[in-house]
Structure formats: C-alpha cells, structure tokens
Amino acid sequence: MTEVALTGRLLVATPLLVDPNFDRTVVLVLDHDGDGTLGVVVNRPTAVPVREVLPAWSELAEPMPMVFQGGPVALDSALGLAELRSVPRPGAGEPLGWRRVHGDIGLVDLDIPPEVLAAEISAFRVYAGYAGWSSGQLERELAQGAWYVVDPAPGDAFTLDPDRTWRAVLRRQRGELALLSTFPEDPAMN
C-alpha cells in the first residue's frame, strides 16, 4: 500500500461509518507515521466549560470555551490545539510550548503558563481524549471506504458552528463529495 501523508489533513466520516464514536465526525490528523495515527474530532463540543478543567486556559478558549471530545481514546487526558496569529518564517523557530501540526496550527503544551503563548495565539481549543489508530489500522479503514481524506480550510479546526462542520467540509469538495453533504442523518426517513 502506498504511504499517504495525512498529518494536517482532515478525515471526514463517510455515511458508511456507523461507529457512534465517529458518526458524522471530522478529524484533524495531528500525527501520522509508521507507528500509527493520532487526531482530534473537531466537531464534538461537550457541555463542560474549559474553566472547570483547565481554568488558567479558559480565557484563551473564547469565544467557544467548551471542551471538545477529541475522540474515544483517553478521555481523562487533555490536548490543546492553537492557531498562531502569524506563521513563523522557515528557520525562525516555533513559539515556546507550541509544536506545528500543519501551517499555523499546532499542539500546545498545557503544562506551561498560558501567558507564555497568549500573545501568539489567535484561536485555542481544548480536547478531552483523542482518536487513535495503530500502525496500518487507518489505512485499512480508508481502503474499506470509512473515511474521506480532504485538505483543511482556514477555520475548520476552530469553527464556531461545529454542528454544521461535517456538511460544510463535504459541501466545499468537488463532485460526489459535495453531493454527499445532503445525505440524510437517517436514510430510512428519506
């Protein structure tokens, strides 16, 4: 099987994916290599405010200060994702406590004081848990037609309308994928 670079790309659940953990989800791939894949579901907000779990980071999580469910793995852990105000020039180095995933989006070290990054961040989100696949597992799911792989657009990871993200990402694709954005939630009701 040909190795596909997935880090920084979106996995969009197909209507064939019936696992309730991933029904109509959009996953931002944070890391993909020979050891497996790690990502976060960007369209599953919870009712838990960031201030209840990471009070020091809550102000940076505005205007949508809810914890998002990043996936079914390790729900008792937290990941921070941030978008920088400007992309560092090549060779300029990354801000302390931030590691690039793709473009101006990266993972945040939640153990540092938020003040260290506050001036650098234009968007911030906290995820409880993550989506994870062992080596080859995601590739098998892709071959079975469980996911569409698409390029992200600015704002996908920090959308203020997560309930519409699945449809919006599909709608902007070409051809058949755009048509799938109209797929009913319950095909039996069609």
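Start at 1 with the first residue, then count along the sequence. Bear in mind the structure is a predicted one, so any value in this text is a computation, not a measurement. We use all heavy atoms of the structure for the numbers below, so side chains are in, but hydrogens, waters and symmetry mates are not.
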Closest non-hydrogen contact found for Glu120 with Pro95 is OE1-CG, 4.0 Å
So, Asp33 side chain and Thr7 main chain: donor-acceptor pair closer than 3.5 Å or not?
-> no
Sidechain-backbone polar pair: Arg164 side chain, Arg167 backbone, donor-acceptor under 3.5 Å = no
Take atom CD of Glu59 as the centre, draw a 6.0 Å sphere, and report whether it contains more than 12 heavy atoms from other residues, nucleotides or ligands.
-> no
When hydrophobic residues are tied together by side-chain contacts of less than 4.5 Å, even through go-betweens, does Leu110 share a cluster with Met66?
-> no
Give the intermediate values and the outcome of side-chain hydrogen bond (donor to acceptor under 3.5 Å, both in side chains) for residues Trp133 and Glu141.
-> CA-CA 10 Å; Trp133 294 265; Glu141 290 182 19; 3.1 Å; yes
Output, in order, the C-alpha distance, side-chain angles, deciding distance and verdict of side-chain contact (heavy atoms from CB on, under 4.5 Å) for Leu6 and Leu138.
-> CA-CA 10 Å; Leu6 295 176; Leu138 179 58; 3.6 Å; yes
Would you please test Ile105 and Leu28 for side-chain contact (heavy atoms from CB on, under 4.5 Å) and show each step?
-> CA-CA 10 Å; Ile105 296 175; Leu28 174 63; 4.2 Å; yes
Looking only at heavy atoms, which two atoms of Gly70 and Tyr127 are closest? And how far apart?
-> CA-CD2, 3.9 Å
Given side-chain contact (heavy atoms from CB on, under 4.5 Å), test Leu30 with Leu81 step by step and report yes or no.
-> CA-CA 10 Å; Leu30 304 174; Leu81 195 65; 3.9 Å; yes
Considering non-hydrogen atoms only, spot the tightest contact between Gly145 and Leu16 and give its length.
-> O-CD1, 4.0 Å
Could you tell me whether the side chain of Pro162 reaches within less than 4.5 Å of the side chain of Met64, counting heavy atoms only?
-> yes
State whether the side chain of Trp98 and the backbone N or O of Asp109 hold a donor-acceptor pair below 3.5 Å, judged by distance alone.
-> no
Residues Thr37, His32; criterion side-chain hydrogen bond (donor to acceptor under 3.5 Å, both in side chains); working and verdict = CA-CA 4 Å; Thr37 307; His32 174 79; 2.7 Å; yes
Roughly how far apart are Arg100 CZ and His102 NE2, rounded to 0.5 Å?
-> 9.5 Å
Under 6.0 Å from the six-membered ring centre of Phe68 and within 45° of its axis: does the NZ or CZ of Arg125 meet both?
-> yes
Plane angle bin for Phe22 and Trp147 - parallel if under 30°, tilted between 30 and 60°, otherwise perpendicular = perpendicular
Kindly work out whether a path of hydrophobic side-chain contacts (I/L/V/M/F/W/Y, heavy atoms less than 4.5 Å apart) joins Val108 to Leu96.
-> yes
Under the side-chain hydrogen bond (donor to acceptor under 3.5 Å, both in side chains) rule, what do Ser122 and Glu83 come out as? Steps first, then yes or no, please.
-> CA-CA 6 Å; Ser122 63; Glu83 179 179 52; 3.3 Å; yes
Joint hydrophobic cluster, Val73 plus Val42, side-chain heavy atoms closer than 4.5 Å | yes
Which atom pair, heavy atoms only, marks the closest approach of Gly97 to Ile112?
-> CA-CD1, 3.7 Å
Distance-only, no hydrogens or angles: does the Arg85 side chain make a donor-acceptor pair with backbone N or O of Ala119 under 3.5 Å?
-> yes
Just how far is it from atom CD of Glu62 to atom CZ of Arg51, taken to the nearest 0.5 Å?
-> 9.0 Å
OH-OG distance between Tyr130 and Ser77, expressed to the nearest 0.5 angstrom = 6.5 Å
Is Thr46 reaching over with its side chain to a backbone N or O of Val67, donor-acceptor style, under 3.5 angstrom?
-> yes
Tell me, do Val150 and Leu177 make a side-chain contact under 4.5 Å, heavy atoms counted?
-> yes
Does Ser134 use its side chain to pair, donor to acceptor, with the backbone of Gly36 at less than 3.5 Å?
-> no
Does Val26 offer a backbone N or O that forms a donor-acceptor pair with the side chain of Asn43 under 3.5 Å?
-> yes
Which heavy atom of Pro65 sits nearest a heavy atom of Ser58, and at what distance?
-> CB-O, 4.4 Å
Taking every heavy atom of Phe124 against every heavy atom of Gly80, the minimum-distance pair comes out as CE1-CA, 4.1 Å
The reported gap from CD in Glu115 to CG in Leu117 (rounded to nearest 0.5 angstrom) is 10.0 Å
Are Leu160 and Val40 connected in the hydrophobic side-chain network, where two residues link if heavy atoms are under 4.5 Å apart?
-> yes
Is Thr159 reaching over with its side chain to a backbone N or O of Asp156, donor-acceptor style, under 3.5 angstrom?
-> no
Output yes when a side-chain donor or acceptor of Thr14 lies under 3.5 Å from a complementary backbone atom of Ala146, and no otherwise.
-> yes
Would you give the length of the straight line joining atom CG of Asp19 to atom CG of Leu17, rounded to the nearest 0.5 angstrom?
-> 6.0 Å
Would a hydrophobic clustering, with Ile, Leu, Val, Met, Phe, Trp and Tyr connected at side-chain separations under 4.5 Å, put Val149 with Val41?
-> yes
Is Asp163 paired with Arg44 through a side-chain N to carboxylate O contact shorter than 4.0 Å?
-> no
Is there a side-chain contact (heavy atoms from CB on, under 4.5 Å) between Leu75 and Gln69 once you walk through the steps?
-> CA-CA 8 Å; Leu75 289 171; Gln69 184 174 341; 3.8 Å; yes
